[in-house]
Amino acid sequence: MARINEHYAKLPASYLFPEIGRRVRAYAAAHPEAKVIRLGIGDVTEPLAPAIVDAMHAAVDEMGKRETFRGYGPEQGYDFLVEAIRQNDYAARGVEIAADEIFVSDGSKCDSGNIQEIFSLAARIAVTDPVYPVYVDSNVMAGRTAAVGADGRYPGLTYLVGNEANGFQPEPPAEGVDVVYLCSPNNPTGTVATRAQLERWVAWAKQHDAIILFDAAYESYISDPALPRSIYEIPGARDCALELRSFSKRAGFTGVRCAFLVVPKTVTGVGADGARVSLNALWARRHTTKFNGASYVVQRGAAAAYSRAGLAQTTAQIAFYMENARLLREGLSAAGFTVFGGVHAPYIWLRTHGGATSWEFFDRLLTETQVVGTPGSGFGPAGEGYFRLSGFNSRANIEEAIQRIRRVFG
Ligand SMILES: *Cc1c(COP(=O)(O)O)cnc(C)c1O
């Protein structure tokens, strides 16, 4: 008899995207003529940049020849990619990160789900609300919580509420937290943390001997050069922060899969005997034990995102998505909506019309405009009454969606 991990039973059946799919299918079946526009899922839509495709083709050819074939690579990533990351993402912004502080992986979803296992079950974890659900669910699976409460929250986690008053960027908690997950630019709210806010987080972490897990999956969408793109641009962050980065949104790698986690050797936790332990050593042990490296072909593609041509092409893609976001933001504002985000992130976070719940608004938008978005309540109780739309689509679809929304709501 194999006893199962009971903590999995605390998770309600995955609801958000299956339920969206169910409602859209039911609507489409009843209205086969309707042209439904999906602005709901956080996935890129533009094809891979030519410089990346060329690099991956060349890498495939290398793999097909005896002289250049490669088997298992280094678990932490090939030097050519780690060096490109070090130079372009960090040194160029005045941040010193060593090669052995970078761990190349096959995605930030996995990294953000796996990172909790190097902390004790007793570590006190905080998340924002609304939140990227992986941070919460992976801690539930690990056994850090009780079953979800009637308020939609898991006892055992600390929730830091993002709301209109704080611009969806909650301040650090007074006490009682050892590890916090931050995501900026934020999914789902599309808002971004300012330098002053990040400085307060780093000061808080140092004061409380806490760790910041900083998810920067959308850093390349930041349009203001004065805003930090990395938590390490904040002095002191090398002592208290880990940073997650992904090629998914910056280079269209959602289907290719490549990311990395930065774990400075200066970040430490505490062992049962009170001794300081390097998180870099723990994560290196974890990574090399449970992961055998991202594919060579994929890493060549990721490195090409840093080439002159690759950078120009991916920057143009991001500009395209951000123009979509700007059109959405302005179109929704003109239709009378209160909107957030969409300036340094591809997501628009809007207050629902007339005080509707997130799901009521979902139904109304679907049936009256045939536009699909994501109910804010799916990202946590504080998301109730809000709704996420994304700029990941064709220009024609974005313009059509705005026209329909303005016709009905404007
Ligand atoms: C898309 C996204 C990621 C990237 O995940 P991958 O597994 O690298 O595709 C990470 N964090 C957030 C918040 C995201 O929205």
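Treat the numbers as computed from the prediction; the structure is a model and nothing was measured. We count ligands from 1, going down the list as the structure has it; atoms in each ligand are counted the same way.
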### Task
To the nearest 0.5 Å, tell me how far Arg329 CZ sits from Ile348 CD1.
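The CD1 atom of Ile348 is 6.5 Å from CZ of Arg329, to the nearest 0.5 Å.
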
### Query
Got a second to check how far Ser105's OG is from His287's NE2, nearest 0.5 Å?
6.5 Å

Among protein heavy atoms, which lies nearest [atom], and at what distance?
| atom | value |
| --- | --- |
| atom 3 (C) of ligand 1 | Lys249 NZ, 3.5 Å |
| atom 11 (N) of ligand 1 | Asp215 OD2, 2.7 Å |
| atom 5 (O) of ligand 1 | Lys109 N, 3.6 Å |
| atom 7 (O) of ligand 1 | Arg257 NH2, 2.7 Å |

### Query
Where does Ser108 meet ligand 1, judged by heavy-atom distances below 4.0 Å: at the side chain, the backbone, both, or neither?
both

### Query
Which bit of Tyr218 gets closer than 4.0 Å to ligand 1, counting heavy atoms only: side chain, backbone, both or neither?
side chain

### Minimum side-chain heavy-atom gap Trp283-Asn114 below 4.5 Å
yes

### Message
Can you confirm if the NZ or CZ of Arg245 lies within 45° of the ring axis of Phe260 and under 6.0 Å from the centre of its six-membered ring?
### Response
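Not flagged: Arg245 not positioned over aromatic ring of Phe260.
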
### Query
Do we get Arg351 above Tyr386's six-membered ring, with its NZ or CZ under 6.0 Å from the centre and within 45° of the axis?
no

### Task
Run the salt-bridge test on Asp239 and Lys265 with the 4.0 Å N-O cut-off and return the result as yes or no.
no

Those atoms of ligand 1 less than 4.0 Å from some heavy atom in [X]:
| X | result |
| --- | --- |
| Cys183 | 13 (C) |
| Gly107 | 7 (O), 8 (O) |
| Ala217 | 3 (C), 10 (C), 11 (N) |

Check whether any N or O atom of [X], backbone or side chain, sits under 3.5 Å from an N or O atom of ligand 1, and answer yes or no.
| X | answer |
| --- | --- |
| Tyr347 | no |
| Tyr135 | no |
| Ser248 | yes |

### Query
Gly42 near ligand 1, heavy-atom distance under 4.0 Å?
no

#### Entry: Exercise: identify the closest heavy-atom pair between Thr374 and Gly40
OG1-O, 2.6 Å

### Message
If we check side chain to side chain contact (heavy atoms under 4.5 Å, CB included) with Trp204, which of these qualifies: His208, Lys206, Gln207?
### Response
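Only one option passes, and that is His208.
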
### Task
Verify whether the ring centers belonging to Trp359 and Tyr15 lie closer than 6.0 Å.
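That pair passes the under 6.0 Å test.
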
